[in-house]
Amino acid sequence: MRLFRIYLLSALLHLKEHLIYRASVLIWLFSMLLEPVVFMMVWRAVALAEGGSAGGYTQGTLTAYYLALMVVNHLTFTWIMHEYAYRIREGVLAGQLLYPLHPIHRDVTMNATYKLLGLVLFIPAFLLLSVFLKPEFQFEPWQVLAFLPTLALAAAMRFLMEWAVAQTAFWYIETSSFNQAYYVATMFFSGRIAPISMFPDWLSAVARYLPFWLGVALPVETLLGSLTPEEVMSGMVIQAAWLAFFAGLVAWVWSRAVRRFGAVGG
């Protein structure tokens with residue numbers, strides 16, 4: 001109960017902070033909204049040029065895929081690795097370490113409130129694009145029920161994975177190269193550029209075991225019915241395994257990182 005009250009208070013404080021910087025929040029949200037729309041329009045054009053379909057997807061199913069991906073990617077992403085080096089350089093982390101709570105809890109509430117605030121933009125955009133582009137959704141009850149746990153596992157797994165990547169800032173002053181490498185891998189293997197079923201069979205099979213696809217496209221393909229119930233269950237098991245791995249990795253790296261941390265800035 002005490003932790004819940006702390007989370008609630010922290011969430012309210014972060015919500016106020018996001019509203020103070022609402023212009024920058026809107027710019028960032030719009031950039032996240034624009035990416036899947038651009039890829040969607042590109043693949044719709046390819047499908048039209050190919051006679052109505054591309055890689056087994058029609059224009060309607062491509063629209064459904066990218067609209068679902070737009071929302072899922074927003075609900076699972078974090079930005080922590082892009083600002084962690086700044087926290088260390090400017091002494092922000094030094095102040096956070098004085099609190100009687102692990103800094104990761106602060107990032108959980110900050111990320112959650114940002115995602116909830118972002119839905120104010122993403123839900124109207126989803127509805128508006130659906131009206132004009134006519135996505136072909138075919139929902140079955142089991143798909144919707146399976147979507148929720150795959151989404152929750154994806155969000156938790158991706159949060160811990162990206163928090164672990166952020167910890168490289170304890171050893172390297174400049175972490176942009178690590179962040180960029182992670183970004184490229186995520187773009188390619190998560191299904192954000194194209195559904196991985198469009199990849200060669202061997203590459204598609206490998207991608208389905210990687211945390212990038214499991215953290216974004218698995219919930220999307222579950223919701224759209226692209227996977228069998230057996231494939232969804234297998235994906236959730238692998239998600240849980242990666243989640244446990246990253247939880248252990250974060251704990252292990254953090255215990256070593258704080259030993260060598262020296263407060264700087266002010």
Side-chain angles (χ1 to χ4, degrees), residues 25-79 81-82 115 118-139 143 147 150-151 154-155 158 162 176 179-227 231 235:
V25 169
L26 283 174
I27 292 171
W28 181 253
L29 287 172
F30 182 75
S31 67
M32 287 194 64
L33 178 67
L34 190 61
E35 178 197 290
V37 172
V38 169
F39 283 124
M40 176 177 65
M41 299 309 294
V42 168
W43 283 110
R44 280 174 59 93
V46 171
L48 181 62
E50 293 292 327
S53 67
Y57 285 84
T58 65
Q59 285 187 308
T61 54
L62 280 167
T63 302
Y65 176 86
Y66 278 104
L67 288 182
L69 185 141
M70 176 180 72
V71 176
V72 168
N73 186 52
H74 170 69
L75 292 175
T76 60
F77 95 108
T78 74
W79 66 88
M81 61 186 186
H82 297 291
K115 289 172 180 177
L119 290 177
V120 176
L121 173 65
F122 275 78
I123 290 177
F126 179 93
L127 296 175
L128 186 63
L129 290 169
S130 296
V131 169
F132 286 101
L133 299 177
K134 307 295 190 233
E136 296 176 9
F137 288 107
Q138 295 180 346
F139 296 130
Q143 294 167 207
F147 167 74
T150 59
L151 178 64
R158 192 172 174 187
E162 298 186 6
S176 59
N179 297 342
Q180 189 63 29
Y182 175 85
Y183 174 78
V184 171
T186 301
M187 285 294 295
F188 188 73
F189 289 111
S190 68
R192 287 162 62 183
I193 293 178
I196 65 165
S197 60
M198 294 184 177
F199 292 3
D201 290 343
W202 68 270
L203 189 55
S204 176
V206 170
R208 292 180 187 276
Y209 288 92
L210 299 178
F212 311 108
W213 180 81
L214 295 162
V216 181
L218 175 60
V220 173
E221 296 193 23
T222 298
L223 183 64
L224 299 180
S226 303
L227 305 173
E231 288 173 328

Is any side-chain heavy atom of [Y] closer than 4.5 Å to one of [X]?
{"X": "Phe188", "Y": "Leu203", "result": "yes"}
{"X": "Met70", "Y": "Tyr66", "result": "no"}
{"X": "Thr186", "Y": "Phe77", "result": "no"}
{"X": "Ser130", "Y": "Leu67", "result": "yes"}
{"X": "Val46", "Y": "Glu50", "result": "yes"}
{"X": "Arg208", "Y": "Leu214", "result": "no"}
{"X": "Pro219", "Y": "Phe147", "result": "yes"}
{"X": "Val216", "Y": "Arg158", "result": "yes"}

Short side-chain to backbone donor-acceptor contact, [X] and [Y], under 3.5 Å:
{"X": "Trp43", "Y": "Ile193", "value": "yes"}
{"X": "Glu162", "Y": "Thr78", "value": "yes"}
{"X": "Glu221", "Y": "Leu227", "value": "no"}
{"X": "Tyr57", "Y": "Tyr65", "value": "no"}
{"X": "Asn179", "Y": "Met81", "value": "yes"}
{"X": "Ser204", "Y": "Ile196", "value": "yes"}
{"X": "Gln143", "Y": "Ser226", "value": "no"}
{"X": "Thr58", "Y": "Thr61", "value": "yes"}

Out of curiosity, [X] [atom1] to [Y] [atom2], how far, rounded to the nearest 0.5 Å?
{"X": "Leu151", "Y": "Leu223", "atom1": "CG", "atom2": "CG", "answer": "9.5 Å"}
{"X": "Leu62", "Y": "Leu69", "atom1": "CG", "atom2": "CG", "answer": "11.5 Å"}
{"X": "Gln138", "Y": "Leu224", "atom1": "CD", "atom2": "CG", "answer": "9.5 Å"}
{"X": "Lys134", "Y": "Thr63", "atom1": "NZ", "atom2": "OG1", "answer": "11.0 Å"}

**Report entry** Heavy-atom neighbours of Phe30 CZ exceed 12 at 6.0 Å
**Finding:** no
[X] to [Y] - nearest heavy-atom pair and separation:
{"X": "Gln59", "Y": "Ala47", "answer": "CG-CB, 4.0 Å"}
{"X": "Ala154", "Y": "Gly215", "answer": "CB-O, 3.6 Å"}
{"X": "Ser190", "Y": "Met187", "answer": "OG-O, 3.9 Å"}

Query raised in the report: What orientation do His74 and Phe122 show, parallel under 30°, tilted 30 to 60°, or perpendicular over 60°?
Result: parallel
Query raised in the report: Under 30°, 30 to 60°, or over 60°: which ring-plane class applies to Phe139 and Phe137, parallel, tilted or perpendicular?
Result: parallel
